[in-house]
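One structure below.
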Amino acid sequence: MSKILEISGLTKNYHDAPDSEDILKNLNLTVNEGDFLCILGPSGCGKTTLIRCIAGFEEYEGMIKVDGKKVEKPGIDRIMVFQDFNQLFPWKTVRKNIQYPLKINGITDKAELDRIAREHLELVGLSEYGDFYPHQLSGGMKQRVAIAKGLALNPKIILMDEPFASLDAMTRNKLQEELWRIKEKENATVIFITHNIQEALVLGTRILLLSKQGKIKIDMENNVAKPVTPASEGYGEMWKKFNDALWEEDEEN
Amino acid sequence: MSKILEISGLTKNYHDAPDSEDILKNLNLTVNEGDFLCILGPSGCGKTTLIRCIAGFEEYEGMIKVDGKKVEKPGIDRIMVFQDFNQLFPWKTVRKNIQYPLKINGITDKAELDRIAREHLELVGLSEYGDFYPHQLSGGMKQRVAIAKGLALNPKIILMDEPFASLDAMTRNKLQEELWRIKEKENATVIFITHNIQEALVLGTRILLLSKQGKIKIDMENNVAKPVTPASEGYGEMWKKFNDALWEEDEEN
Amino acid sequence: MKEARTQIIFVVCFLVVWQIVYQMQAFNELVFPSLKDIGQSFIDGFREDSLMTYTMYSMSLILKGLAIGIILAFIFSSIAVVSKTFQAIYHLIVSVCDLLPGVALLPLAIVWFGIGEITTIFIVVHSIIWPMSRSIMDGYNSVSKIYIEGGRNIGLRGFNLVKGVYLPAAFTHVLSGMRVGWARAWRALISIEMIFGTTGAGAGIGWFIFMKRTNVDIAGVFAALIVIMIIGIIIEYGLFHTIERNTVKKWGMAR
Amino acid sequence: MKEARTQIIFVVCFLVVWQIVYQMQAFNELVFPSLKDIGQSFIDGFREDSLMTYTMYSMSLILKGLAIGIILAFIFSSIAVVSKTFQAIYHLIVSVCDLLPGVALLPLAIVWFGIGEITTIFIVVHSIIWPMSRSIMDGYNSVSKIYIEGGRNIGLRGFNLVKGVYLPAAFTHVLSGMRVGWARAWRALISIEMIFGTTGAGAGIGWFIFMKRTNVDIAGVFAALIVIMIIGIIIEYGLFHTIERNTVKKWGMAR
Amino acid sequence: ACGGSDSGSKKDNKLTIAYQYGMAYAPLQVMKEQKLIEKYYDGVEIEWSVLNSGSAINEGFAGGSIDVGAVGVGPAITGITSGVPYKICSNVSAQPHKVMTNNPNIKSLKDIKDEKIALVNIGSFQHIVLAMAAKEQLGDAHALDTNIVAMSHPDGMSSLLSGSVECQLTTSPYVFKEAAEKGISEVNALESVWPSGNSFIVAVASTSLQKDNPELYDAVVKAFADAIDYLNNNTKEAAEMLCEAENVDAATMEKWLKDKDCVYSTETKGLMDFANFMSENDFLENDGPKDISDLVFDNVKGN
Ligand SMILES: Nc1ncnc2c1ncn2[C@@H]1O[C@H](COP(=O)(O)OP(=O)(O)OP(=O)(O)O)[C@@H](O)[C@H]1O
Ligand SMILES: Nc1ncnc2c1ncn2[C@@H]1O[C@H](COP(=O)(O)OP(=O)(O)OP(=O)(O)O)[C@@H](O)[C@H]1O
Ligand SMILES: [Mg+2]
Ligand SMILES: [Mg+2]
């Protein structure tokens, strides 16, 4: 498998105060094409910062290469679903929010656009909400539209920042399945931040545990056979490993 | 136990379109003082809308009484922690965000204010971030500050909208414990929205399952003895009951 | 509806107070005319003094000036978002030019553009382009970071980013700027007509005011002011409110 | 720093182009003076024509006018947030009054306030209170709902809510309005001084321009404009930028 | 007409005339209505502009966009001595100038202490005339400068009537209107220094017009003469023509036109005295004219 993402010596400091600390320090990471990389880690450890750097939103020291090319600005090859509820454009309806990125990227056929929007709205269970404006949606619904919008673009790399955090168990389950299906079909690479160890085990082909200053504490393949359930072989063991590491993390602070 | 909250015939429609549907329809609910009421339900079913009505942010039909008085506007007796990451005032530092509500409500002693802020920042693990502005925090950190701010006010009714959704398991566990402790100490009443059945079981003395249009599908006391763990007696049964009901919910749609 | 009722009641009260003050003879009649005189001047203005023609001429100048001013303000502000260098320069230009009153530039305008309509339009443009540019640039600078990132994320660059994200996201600022610009345009136009005069091309409502004043016909001046006010109300409640309702209010970005 | 460098380069280029145009004799020397003449007028202005006194006098009027205008704009806009009735009325007043040029109101002001400084200040206030009120009200109306709810949630009501939430949350709009107001104040003051003036109470920079213009001394006019520009640059980069850096930029609300 | 560079090519049939509003400019109104220039110069296309200040007209000349204009004596002298490329081509009118007051105790300039005097502008014709009177009667040309409030004639009138100022130096028709109000009286001040009939408004023409297109220039001069004749001989008809702009009935207009101080003439009067006074009393930044020929074209008669 080819390396789609290579990070070496990544250091990030927001420099917002004279004595501001490095958020990420000399981080090295390689991700292969088709990987589903889940990132766990305590709140504030730099997960979001890391994927923002990969997405091209932040200046950084060190080197991030996507497909061999240094990341300097955002690109349509890396689509990000943000953590924030307000990432939809409030001046566009839900449907337009999904179609607009497609239009910009060359899909102009009306029927095609409608089909894609319909399919993806159905996927996230919001078929009836196409004409709503974002401010008329609940938190979870906004988040689902953002996911639909990201997936509709069929990007090579999908960066997701706790996308399912505000969804109920059912919707979450369904979307997890869909995400996995789409990734497999398109052979996309997914980098996925979550606080849910179970979710990481269910989805990830590889799981990363980040600790303070972006130190990679655990970086391992997830060998539990898909589809993963709590009853799968090796699940309990893996779960405990990450859970313990996270607690340990906590005690260190 | 005295009834602190009485809701009868609550109907809510945003009237944002000529044919807009009722979000909540004829909802009846009574909450006793000291209750810890957890609300589960699929995304978009009206959980946020319900607690916004209780908090006094929405106009509604029907009757909501807090302590026997009709709710018409927000009041300092009902403190709400919103679902949105941007609920902190961006123009105040983290510490000021916590102290400002206290100042308004009559606590003017500098030392006292500092003590409260310090204690509560410690509580949510952000002692070092008192002088940061909200935009310098991660999503989970913002959420924790909002929780600290809400708790610092010692309100009689705490309304929380998925407050722990973006927190890692450890932080979440710790805050769950703290929340429970504070509630016990102050004999506060908590209404708590979550998507996590386990969380509902761990925290709630009473658990509500809402379905479309705010229909109350399950409303039961949580009799599992505290502290609740997945190993507690009755836990598995309860968990299954809610999980099944939620799946059923999903199939109905 | 309730809003309109309040406003009508207010206007009526205002008129009543006016008439009472008039009756009290607190001011010389030459400077404080009765409602009747003003009404009469208003009607005469349209019937005899071709106030309509003056008004239409002013409107046509305003529209030209506004169109040019708004378009230029948008173009420059948008370039300023795209290019940091241009932003530094344009910001300086705006800070400086916004302070120069049209009257002070009149000599230059006369020299550059002669004494025709163009000079008037130049002054009108001068009086709106800078405040509008400020509003637009301030708006652009306060667009929430997440929308910009959302736009860049889906591949928007340069002017497409401005059009697709900055502009709608800053629309409350932009609308605010348009309102200020519109008002400025009127004020500038009328002042210029009153200070500078008229040219062969035609005369506007400011000239009408000037003539009425020269003839110490204050009721006539008020009649002209009322025309301006009526136009203002039509534009504010007919145009701007409608735009607002169909944009920022519909989008949940303003109340 | 990079910004300042760009700006200095731009100014130098501008001056060079000016001098080249002058050398080409494209315009009559009377109306397009050389840099040397302007510079000379500038120096003479301070040395002989007490330009400094004029400037200080204008500044003192501006400050008074601005202070009154800003305070009134804040008070009225804030009442408008608290009371829907007042909002309807005030919105109407602003839409209407903002269109009336100071020159047209001058006769009334003279009658009401006599011929002293107060009349000038009145016109300055008139020229800033409406656009500022618009900016502030538009800003208040676009404050994100969640901040208002956050404020009401912790028990803020009425003016405390305005002070504690609306004002800081709308600060980009407010600053934008202050900048527009500041520029308007200058423009209004200079126009008024050019149209209406007294030598008794003191004379301002507009008066200086007027006299230079009467004497067809365009270099002198430019010298005065340069003084205005320099003041503008000091206020913009010394005051407004500092405020901006210590508020909205620090708060992450603007770039 | 854009820019000064094309002022040499004015030899076509276009002519831009700028004047100001009021009965002092009546000859231009007559020329316009009766197409007098067209009568003497076939096919000329005239653009008439009514500008509100002498400065604007001066700037128009400087920029080459005005060919003929009518301005006060003051701005004309200032313009010529500052190098604006024009000279006086004809006298236009004299108008009554009076100091009016609402304070019956003020009988002469000596009675004015810190009372305010409204007049149109510092450096204006009115200001200079006042200075002449001040020099004669108070010994110092600038004795009253601190009493001056600059405001337009109508503003001055309403201020006088409402008591905001005590005195106003004004001209027709305001002197007539004010005289008709009760409580307003005239201050004896100006007759001795600026006798009736002295030039108030003069016509100026660009030097390039005179040099490059003398026929058109002559047509303009003749037209002024005709218009002034018409005003003097057909006062009734002229009054009817002018009354609408002044918003009075024709009879009143006729009465105003027939006032002894309201003189329309092509001959300048007192021009050089005025220029000398300006130059001696710091009203000019540049050197004053040495000779009347510095101020007027050869065809102009008068002093
Ligand atoms: N814009 C910013 N300016 C300054 N510091 C920032 C900024 N954004 C984040 N930080 C800091 O960087 C650190 C990591 O933030 P980040 O958002 O990457 O955390 P995270 O791992 O995503 O946490 P969470 O799980 O809570 O979202 C935090 O300490 C935060 O204070
Ligand atoms: N401001 C609004 N205007 C119109 N409709 C709204 C508004 N807010 C919410 N809704 C609608 O009300 C319904 C319930 O929303 P609510 O936010 O209460 O859901 P929720 O149960 O909190 O969901 P989630 O778990 O996703 O946060 C949704 O269908 C939503 O579209
Ligand atoms: Mg994060
Ligand atoms: Mg919700």
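Chain letters run A, B, ... following the sequence lines, proteins first, then strands; residues in each count from 1. Because only heavy atoms are used, hydrogens play no part in the values below, and waters and symmetry mates are left out as well, while side chains stay in.
- Within a 6.0 Å radius of CD in A:Glu59, no more than 12 heavy atoms belonging to other residues, nucleotides or ligands are found.
- For B:Gln83, the parts sitting under 4.5 Å from any heavy atom of chain A are the backbone and the side chain alike.
- When the heavy atoms of residues 84-99 of chain A are compared with those of chain B, the residues falling under 4.5 Å are A:Asp84, A:Phe85, A:Asn86, listed by number.
- Listed by chain and residue number, A:Phe132 satisfy the ring-ring contact (aromatic ring centres under 6.0 Å, His included) test with A:Tyr129 (two or more places apart in sequence, or in another chain).
- Of the listed residues A:Asp16, A:Asp161, A:Leu167, the one with more heavy-atom pairs under 4.5 angstrom with chain B than any other is A:Leu167.
- Separating the OG atom in A:Ser166 from the CD1 atom in B:Ile193 is a distance of 12.0 Å, to the nearest 0.5 Å.
- For the options B:Gly46, B:Gly44, B:Ala17, heavy-atom pairs under 4.5 Å to chain A are most numerous at B:Gly44.
- Residue contact with chain A, scored on non-hydrogen atoms closer than 4.5 Å, is absent for B:Thr48.
- At least one side-chain heavy atom of A:Asn173 sits less than 4.5 Å from a side-chain heavy atom of B:Trp247.
- When the heavy atoms of residues 19-27 of chain B are compared with those of chain A, none of the residues falls under 4.5 Å.
- If you measure heavy-atom distances from B:Arg172 to chain A, you find no contacts under 4.5 Å at all.
- For B:Trp239, the CH2 atom is loosely surrounded, since the number of other residues' heavy atoms within 6.0 Å does not exceed 12.
- Neither the backbone nor the side chain of B:Asn196 has a heavy atom closer than 4.5 Å to any heavy atom of chain A.
- Between the A:Asp168 side chain and the B:His195 main chain, no donor and acceptor come within less than 3.5 Å of each other.
- For residues 136-143 of chain A, heavy-atom neighbours of chain B at less than 4.5 Å comprise A:Gln136, A:Ser138, A:Gly139, A:Gly140, A:Met141, sorted by residue number.
- More than 12 heavy atoms of other residues, nucleotides or ligands sit less than 6.0 Å from atom NZ of B:Lys226.
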